[in-house]
Amino acid sequence: MFIIKLNAIDSTNSFLKRLSSKEVVKDFTVAITKYQTKGRGQMGSLWSSQDSKNLMFSVFKDIHNTKIEDNFYISMVVAASILEALEAFKIKNLKVKWPNDILSEEKKIGGILIENVIKQSNISASIIGIGININQTIFDNLPQASSMRLISGRVYDLDEVLHLILKKLKQNFRLLNQKQFGIIKNAYENHLFRKDKPSTFRDSEGELFSGFIKGVSDSGNLQVLVEDNIITEFDLKAVTLLY
Ligand code: BTN
């Protein structure tokens, strides 16, 4: 496995994207940095992180074996791998808030940004960006953010956490190659935040409604049990879970 270590960069995802447009990048190449000047989050948001306190890295993953319709399994593999790794560091009450926020004690300690590399109109690879708040203790104006250190009171070695996450990613991508979809979905749904609990959501028109999260579909939609015992599926733009 190649690991490219950078002191600072705009974004490790952008770095790998640029690299792959210029040269052939090997499967599982990792770019990691101490600091990002333009860290990016989901849905066009920013991802900010103090210098040298947290993990910010991206993994270039060849996915030519995975069908486009199975794309969400990549997300599930990544979330499950992070949860398994952080569990080993005794981080309590770990959950994944659909689709891929990593929570501990109901606070966000990590995020995932997966971007596809398109070549000749096909997805040839995914760039999997992972940010985990490890030793940072101050999060200005982010009341729902936390870190492994704030949760456990311990200081962590960033490299140790990185290597365990990479090991779990390798193991779980092997499951995906073997098409073990049931095992992957179980690992994800077993940690799904607010599963089977009464929850409030906001729909795309701003209306609030309540329901019980039951799981996710193969395409990554959230399945919610709403009134009259009906299970409705929502995509990311259609619903926000309020908590
Ligand atoms: C989210 O919004 O929750 C996703 C955050 C993903 C952040 C990581 S940090 C490393 C990689 N590079 C980026 O610019 N973003 C991802």
Side-chain angles (χ1 to χ4, degrees), residues 2-21 25 28-61 71-72 74-83 85-86 91 94-104 106-117 125-136 139-148 156 158-159 161-166 168-169 188 191-193 216 220 222 235-237 239-241 243:
F2 287 111
I3 302 190
I4 303 166
K5 295 197 170 185
L6 306 153
N7 276 329
I9 192 78
D10 49 354
S11 145
T12 53
N13 267 38
S14 308
F15 173 85
L16 280 186
K17 216 188 269 182
R18 286 193 297 269
L19 193 68
S20 68
S21 71
V25 178
F28 254 102
T29 297
V30 177
I32 179 158
T33 193
K34 293 180 179 156
Y35 186 69
Q36 293 186 136
T37 54
K38 274 192 200 143
R40 295 186 287 109
Q42 288 165 40
M43 316 251 271
S45 65
L46 289 177
W47 183 261
S48 56
S49 182
Q50 272 175 12
D51 196 349
S52 305
K53 297 266 184 193
N54 301 320
L55 273 183
M56 286 158 270
F57 66 100
S58 303
V59 181
F60 184 90
K61 186 73 198 76
N71 226 359
F72 192 65
I74 296 171
S75 260
M76 292 196 268
V77 159
V78 176
S81 303
I82 296 172
L83 294 170
L86 301 194
I91 300 301
L94 281 162
K95 298 280 173 201
V96 54
K97 179 171 161 284
W98 176 79
N100 46 22
D101 284 351
I102 306 296
L103 308 185
S104 167
E106 310 216 335
K107 299 232 170 169
K108 180 162 172 172
I109 60 167
I112 301 165
L113 176 68
I114 300 178
E115 296 179 295
N116 292 323
V117 179
S126 280
I127 293 172
I128 299 162
I130 298 176
I132 312 280
N133 297 333
I134 310 252
N135 292 323
Q136 181 168 334
F139 294 91
D140 288 331
N141 305 319
L142 290 170
Q144 286 180 321
S146 192
S147 67
M148 288 172 60
Y156 294 89
L158 299 187
D159 258 358
V161 184
L162 169 72
H163 284 284
L164 192 56
I165 295 175
L166 293 176
K168 297 286 180 187
L169 279 173
Y188 179 90
H191 287 92
L192 195 53
F193 181 58
V216 289
L222 188 68
D235 70 24
L236 193 53
K237 282 169 236 98
V239 75
T240 310
L241 167 65
Y243 78 105

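All values below come from the heavy atoms of this structure, side chains included, with hydrogens, waters and symmetry mates left out. Just so you know, ligand 1 is whichever comes first in the structure, and atom 1 is the first atom listed for that ligand.
- For Tyr243, the OH atom is densely surrounded, since the number of other residues' heavy atoms within 6.0 Å is greater than 12.
- The CG atom of Asn13 sits 14.5 Å away from atom NZ of Lys38, with the distance rounded to the nearest 0.5 Å.
- With respect to atom 15 (N) of ligand 1, the closest heavy atom belonging to the protein is Arg40 O, 2.7 Å.
- The nearest protein atom to atom 2 (O) of ligand 1, hydrogens excluded, is given as Gln42 N, 2.7 Å; this is a heavy-atom distance.
- Around atom 4 (C) of ligand 1, the closest heavy atom drawn from Ile112, Asp10, Thr12, Leu46 belongs to Ile112.
- How far CD1 of Ile9 is from OG of Ser14: 8.5 Å, rounded to the nearest 0.5 Å.
- Residue-ligand proximity: Lys108 is placed with a non-hydrogen atom under 4.0 Å from ligand 1.
- Atom numbering of ligand 1 starts at 1 in the shown order; those under 4.0 Å from a heavy atom of Asn13 are 11 (C), 12 (N).
- Residue-level proximity to ligand 1 for Ser58 is carried by the side chain, the only part with a heavy atom below 4.0 angstrom.
- Counting non-hydrogen atoms of neighbouring residues, nucleotides and ligands closer than 6.0 angstrom, the NZ atom of Lys34 reaches no more than 12 such neighbours.
- Leu113 and Arg40 make their closest contact through CD2-O, 3.6 Å (heavy atoms, listed as atom of the first residue, atom of the second, distance).
- Closest to atom 5 (C) of ligand 1 among all protein heavy atoms lies Trp47 CE3, 3.3 Å.
- For Ser11, a nitrogen or oxygen atom sits less than 3.5 Å from a nitrogen or oxygen atom of ligand 1, counting backbone and side chain alike.
- The main-chain N or O of Ser146 is found under 3.5 Å from a side-chain atom of Asn133 such that the two form a donor-acceptor pair.
- In terms of protein heavy-atom proximity, atom 12 (N) of ligand 1 is closest to Gln36 OE1, 2.9 Å.
- Ligand 1 has no N or O atom lying under 3.5 Å from any N or O atom of Lys38, backbone or side chain.
- For ligand 1, the atoms lying closer than 4.0 Å to a non-hydrogen atom of Gly39 are 14 (O).
- Across every non-hydrogen atom of Val25 and Ser20, the tightest pair is CG2-CA, 3.5 Å.
- The existence of a salt bridge linking Asp159 and Lys5 is confirmed by a sub-4.0 Å separation between a basic side-chain nitrogen and an acidic carboxylate oxygen.
- Of all atoms in ligand 1, listed by their number and element, those nearer than 4.0 Å to a heavy atom of Gly41 are 1 (C), 2 (O), 4 (C), 5 (C).
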